[in-house]
Amino acid sequence: MASSNARLLRRILKGFTGAARFHRNYSLCRPPERPPFNVCRTVGDRTSCSYEISPNGSLFSVIPSAVVGFRWFSTLSEPLTEENTFERIYVLDAEVDAPVADASAADVDGGCDVPLPKAKAPVVRELIETEREAWSLLKRAVVNYSGSPVGTVAANDPTEVALNYDQVFIRDFVPSAIAFLFKGDSEIVRNFLLHTLQLQSWEKTVDCYSPGQGLMPASFKVRTVPLDGSNEAFEEILDPDFGESAIGRVAPVDSGLWWIILLRAYGKITGDYALQERVDVQHGIKLILNLCLTDGFDMFPSLLVTDGSCMIDRRMGIHGHPLEIQALFYSALRCAREMISINDGSKNLVHAINNRLSALSFHIREYYWVDMKKINEIYRYKTEEYSYDAINKFNIYPDQIPSWLVDWIPERGGYLIGNLQPAHMDFRLFSLGNLWAIVSSLATPKQAEGILNLFEDKWDDLMANMPLKICYPALEFEEWRIITGSDPKNTPWSYHNGGSWPTLLWQFTLACIKIGRPELAERAVTLAEKRISNDKWPEYYDTRTGRFIGKQARLYQTWTIAGYLASKMLLDNPNMAAILTCDEDLELLEFCICGRRKSSRTKCSRLAARSQVLV
C-alpha cells in the first residue's frame with residue numbers, strides 16, 4: 001500500500017491528479033492542523049521567509065503553496081507580507097524543486113519522510129517610477145461601500161464623460177484583484193467576491209423576461225439614495241447591471257466564470273479557504289454551474305452564446321461558440337471542481353463537471369486547433385459527407401480558408417481559431433482565448449508551445465508598437481460593414497476590431513511563465529513601458545501596429561494599470577504563476593465518457609481522432 005501511495009504522490013506532484021480528489025480518497029499524509037506556508041514578513045528594510053513545519057514533520061507541511069498550490073497546504077488567512085506602502089515591493093525569488101518521493105521513502109512513515117526543499121534568499125527590488133505611478137493610480141481607483149473597499153472603477157479619465165466607466169466591472173477588476181492579492185491587500189478582493197455574490201440573487205428583467213438565477217452582473221455602481229424617502233438621511237446601495245442597460249442588452253456570460261476563477265485565486269494566495277466553504281458561496285458556485293451546464297439543443301460541449309457576451313461586448317461576429325468563452329468556461333469548471341464541497345447533494349454536479357471537462361477539452365483540442373498541417377488538411381476536405389465516419393464533420397468548405405492565412409501561418413506553431421459552427425470556421429486569432437487556453441491547460445502542452453511560437457514569429461503583427469492585439473486580423477471593407485453593422489467604434493484596427501489592449505499583458509505573462517518562456521513576457525512588458533505612462537494609461541491603441549492612442553479610448557484605464565502591475569509582479573516572482581494556472585489533468589483524457597464500444601452503431605470520435613489530443 002505504501003509503494004502504491006508513493007506512486008500516486010508522484011502523480012500529484014506533477015499535477016496529474018486534483019488535490020481535493022486525492023485528499024478525499026487517500027490518507028497518505030494527513031493534512032497538518034497548523035497552517036503550513038512559506039511566510040514572508042518584512043523586518044526593517046529586508047524580508048525574511050521561512051517554512052513552518054507541522055509537529056509530525058509531514059511532507060506537505062514544507063512544500064511552498066505557491067509552487068504546488070494544493071488546496072489544503074495552507075489555511076493562513078493573513079497576507080503574505082505586511083508591507084503596505086506603494087513605494088517598495090519585496091519579492092521572493094525562490095525556485096523550489098518539489099521533492100521526489102521514491103519507493104524507499106514511501107516505506108517510511110507512509111511516504112512522508114522526504115528531504116525538504118530549499119529556497120533561495122529573498123531579493124529586494126526598488127520600484128521604478130512607472131510602477132510607483134501605477135500603484136498610486138490603482139489606489140485612487142478604489143471604490144468604497146459602507147466604509148470598505150469593494151472594487152475599482154473602470155477608468156478615471158477626467159477629460160471624458162463617465163458613462164459606465166465609473167462602475168466596477170467584474171472582468172475589469174480581475175487584474176486589479178491579482179495585483180492587490182500579490183501585494184497582500186486581500187480585504188478589497190474578499191469584499192468584492194461577497195458583494196457581487198449578493199447581487200447574484202437580485203431580480204433581473206428585460207421586457208418582462210428574467211434570465212437564469214446564476215447570472216452575475218457585468219458591473220455595479222455605489223449610489224447614495226435617500227433613506228425611506230427622507231431628504232436628510234441617506235444610505236449607500238449597490239446598483240448592478242446584468243445587461244439591462246448595456247449596449248445591445250446582452251447578458252455578461254463571462255462575469256460568473258471570472259468570479260469563480262478569482263475565488264480560487266483568492267483562496268490559493270491568502271489561504272482563506274473558509275470563504276469558499278461558506279454556504280452562500282457554495283450556493284453561488286452551484287448556481288453559476290447549473291446555468292452553464294443546463295441541457296439544451298446543442299450537439300457540442302462548448303457554450304453557445306450571443307455576440308457581445310464577453311470582453312468583446314459589441315457586435316463582432318463572435319456569436320456561437322467563441323474561444324474566449326470556452327477557455328474561461330473550462331477554467332471555471334476546473335476551479336469549481338477544486339472548491340465544491342463533496343456531499344450527497346453535490347455528487348451529481350461533480351460528475352457533470354468531469355464529463356463536461358472531458359468532452360470540452362477533446363472538442364477544442366481536436367477541432368479548434370490549426371497549424372500549417374491542419375490548414376492543408378482542410379484545404380483538401382471533401383464536403384457533403386453524410387456518414388458517422390465523416391472526416392469533415394462540420395462540413396467546412398475549403399474556400400473558407402482566407403487568403404491572408406495561407407501566407408501568414410508560420411511553419412512552426414499554430415493557434416486555436418476563434419469560433420466553430422456548422423459550415424463555419426472563424427480563422428481570426430483571438431488573443432485572450434488562446435492565452436487562457438494555455439493558462440487553464442485547455443490546450444495541450446504541444447499546442448501551448450505552438451501558440452507562443454506563433455506570437456514570437458508574428459511579433460510585428462501581434463505586438464508591434466504596443467502589446468497586445470485583441471484579435472488578428474481586423475475586419476475590413478465589406479466584411480466589416482456586414483459583420484459589425486458598420487460599427488463606428490469597431491472600425492478596422494480599432495477597439496475590438498484589431499485594436500491593441502495593454503491589459504492583456506498579464507494573461508500573456510502568465511502563459512509565458514507557465515510554458516517556461518518568461519523572456520517573451522519581459523520583452524512585451526519592456527515594450528509597453530516605453531510609452532504607456534506618457535500616454536496616460538489608455539484603454540486601447542489603434543492602427544495596424546498600435547501607434548496611436550485609441551480614438552475613443554479612456555485614459556487612466558484601471559485594468560491597463562493593473563495588468564501592467566500584475567505582469568511586473570509575476571515576472572519578479574514567477575513561482576506565483578503556479579497559483580493562477582491549472583496543470584494538465586490526464587485523468588480527463590485517459591477514458592471516454594460516451595460509453596461507446598467498437599461494436600456500437602456509431603464510433604467514438606475520441607478513439608477515431610488522429611490528432612495529438614493526448615500529447
> Under 6.0 Å between the ring centres of F300 and F394?
Replying inline: yes
> Can you tell if the side chain of M569 reaches within under 4.5 Å of the side chain of M576, non-hydrogen atoms only?
Replying inline: no
>> Quick check: do N392 and Y397 have side-chain heavy atoms less than 4.5 Å from each other?
In response: no
>> Between the side chains of R523 and E456, is the shortest nitrogen-to-carboxylate-oxygen separation below 4.0 Å, so that they form an ion pair?
In response: no
> Between atom OH of Y541 and atom OG1 of T560, what is the distance when rounded to the nearest 0.5 Å?
Replying inline: 8.0 Å
> Between the side chain of Q421 and the main-chain N/O of H319, is any donor-acceptor distance below 3.5 Å?
Replying inline: yes
>> How long is the straight-line distance from CG of L289 back to OG1 of T294, given to the nearest 0.5 Å?
In response: 10.0 Å
> Do you know which two heavy atoms are closest between I325 and C310, and how far apart they sit?
Replying inline: CD1-CB, 3.8 Å
> Between T543 and N465, is a side-chain contact (heavy atoms from CB on, under 4.5 Å) present by the stated rule, with each step listed?
Replying inline: CA-CA 10 Å; T543 74; N465 292 292; over 6 Å; no
> Step by step, would you call K446 with E449 a salt bridge (charged side-chain N to carboxylate O under 4.0 Å, His left out)?
Replying inline: CA-CA 5 Å; K446 185 176 180 180; E449 291 179 7; over 6 Å; no
> Given R315 and D487, is the salt bridge (charged side-chain N to carboxylate O under 4.0 Å, His left out) satisfied, shown in steps?
Replying inline: CA-CA 8 Å; R315 181 176 164 187; D487 186 348; over 6 Å; no
> Using 30° and 60° as the class limits, which term best fits the ring planes of F455 and F508: parallel, tilted or perpendicular?
Replying inline: tilted
> Which atoms form the tightest heavy-atom contact between A566 and P175, and what is the distance?
Replying inline: CB-O, 4.4 Å
> Where do S441 and K514 come nearest, in terms of heavy atoms and distance?
Replying inline: OG-NZ, 2.6 Å
>> I'd like to know if the side chain of K568 reaches the main chain of V525, judged simply by a donor and an acceptor atom lying under 3.5 Å from each other, with no hydrogens or angles considered.
In response: no
> Hey, what do you get for CG (L429) to OH (Y415), rounding to the nearest 0.5 Å?
Replying inline: 6.0 Å
> Got a second to check how far I340's CD1 is from C335's SG, nearest 0.5 Å?
Replying inline: 11.0 Å
> Which heavy atom of S500 sits nearest a heavy atom of G546, and at what distance?
Replying inline: OG-CA, 4.0 Å
>> Among residues at least two apart in sequence or on other chains, which ones pass ring pair (Phe, Tyr, Trp, His ring centres under 6.0 Å) with W501?
In response: Y495, H496, Y540
>> Do F430 and E324 have side chains that approach each other closer than 4.5 Å (heavy atoms only, starting at C-beta)?
In response: no
> With distance as the sole test, does R334 use its side chain to make a donor-acceptor pair with the main-chain N or O of D583 at under 3.5 Å?
Replying inline: yes
> What pair of heavy atoms forms the shortest contact from L475 to N497, and how long is it?
Replying inline: N-OD1, 2.7 Å
> Around R547, counting heavy atoms of other residues, nucleotides and ligands shown, do more than 12 lie under 6.0 Å from its CZ?
Replying inline: no
> Nearest heavy-atom pair of C471 and P473: which atoms, and what distance?
Replying inline: SG-O, 4.2 Å
> Taking Q326 for the side chain and S302 for the main chain, is one N or O donor matched with an acceptor at less than 3.5 Å?
Replying inline: no
>> Set out, in order, the CA-CA distance, both residues' side-chain angles and the distance that settles side-chain contact (heavy atoms from CB on, under 4.5 Å) for W559 and M311, then state yes or no.
In response: CA-CA 12 Å; W559 68 351; M311 178 181 176; 3.9 Å; yes
>> Closer than 3.5 angstrom, by distance alone: can the side chain of S331 be matched with the main-chain N or O of A327 as a donor-acceptor pair?
In response: no
> Can we say E478 and R481 salt-bridge, meaning some charged N sits less than 4.0 Å from an Asp/Glu carboxylate O?
Replying inline: yes
> When you check the gap from the basic side-chain N to the acidic O, do E479 and R428 get nearer than 4.0 Å?
Replying inline: no
>> Can you tell me how far apart CE (M372) and CD1 (I409) are? Round to the nearest 0.5 Å.
In response: 7.0 Å
> Got a second to check how far I269's CD1 is from I579's CD1, nearest 0.5 Å?
Replying inline: 5.0 Å
>> Between N434 (side chain only) and L416 (backbone N and O only), is there a donor and an acceptor less than 3.5 Å apart?
In response: yes
>> Tell me whether R264 contacts the main-chain N or O of A336 through its side chain, where contact means a donor paired with an acceptor under 3.5 Å.
In response: no
> Taking everything shown except Y381 itself, do over 12 heavy atoms lie less than 6.0 Å from its OH?
Replying inline: yes
> Side chains of H363 and Y368: does their closest heavy-atom pair fall under 4.5 Å?
Replying inline: yes
> Does R337 come within less than 4.0 Å of D585, counting only side-chain N to carboxylate O?
Replying inline: yes
>> Looking at D426 and N419, would you say the former's side chain and the latter's main chain have a donor-acceptor pair under 3.5 Å?
In response: no
> Side chains of Q557 and D172: does their closest heavy-atom pair fall under 4.5 Å?
Replying inline: yes
>> Can you confirm whether or not the ring centre of Y564 sits under 6.0 Å from the ring centre of W537?
In response: yes
>> If you count every heavy atom of other residues, nucleotides or ligands that lies below 6.0 Å from H424 atom NE2, does the total exceed 12?
In response: yes
>> Let's go through F182 and L570 carefully: what are the C-alpha distance in whole Å and the side-chain angles of both, what is the deciding distance for side-chain contact (heavy atoms from CB on, under 4.5 Å) to 0.1 Å, and is it a yes or a no?
In response: CA-CA 9 Å; F182 282 168; L570 283 166; 3.5 Å; yes
> So, T509 versus S567: side-chain donor-acceptor pair below 3.5 Å or not?
Replying inline: yes
>> Under a 3.5 Å distance rule, please check whether R544 uses its side chain to pair with a backbone N or O of W493 as donor and acceptor.
In response: no
> So, do I318 and V305 sit near enough that their side-chain heavy atoms are less than 4.5 Å apart?
Replying inline: no
> Side chains of W480 and T484: do they bring a donor and an acceptor to under 3.5 Å?
Replying inline: yes
> With a 4.5 Å limit on heavy-atom distance, are the side chains of Q507 and L432 in contact?
Replying inline: yes
>> For T491 and K551, which I'm curious about, is there any donor-acceptor pair between the side chains at under 3.5 Å?
In response: yes
>> Could you tell me if the side chain of L257 sits less than 4.5 Å from the side chain of W436, heavy atoms only?
In response: no
>> Closer than 4.0 angstrom, basic N to acidic O: yes or no for K469 and D461?
In response: no
> Yes or no on side-chain contact (heavy atoms from CB on, under 4.5 Å) for Y379 and V406, after CA distance, side-chain angles and deciding distance?
Replying inline: CA-CA 10 Å; Y379 181 74; V406 175; over 6 Å; no
>> Main chain of T383, side chain of N395: is a donor-acceptor contact present, judged purely on distance under 3.5 Å?
In response: no
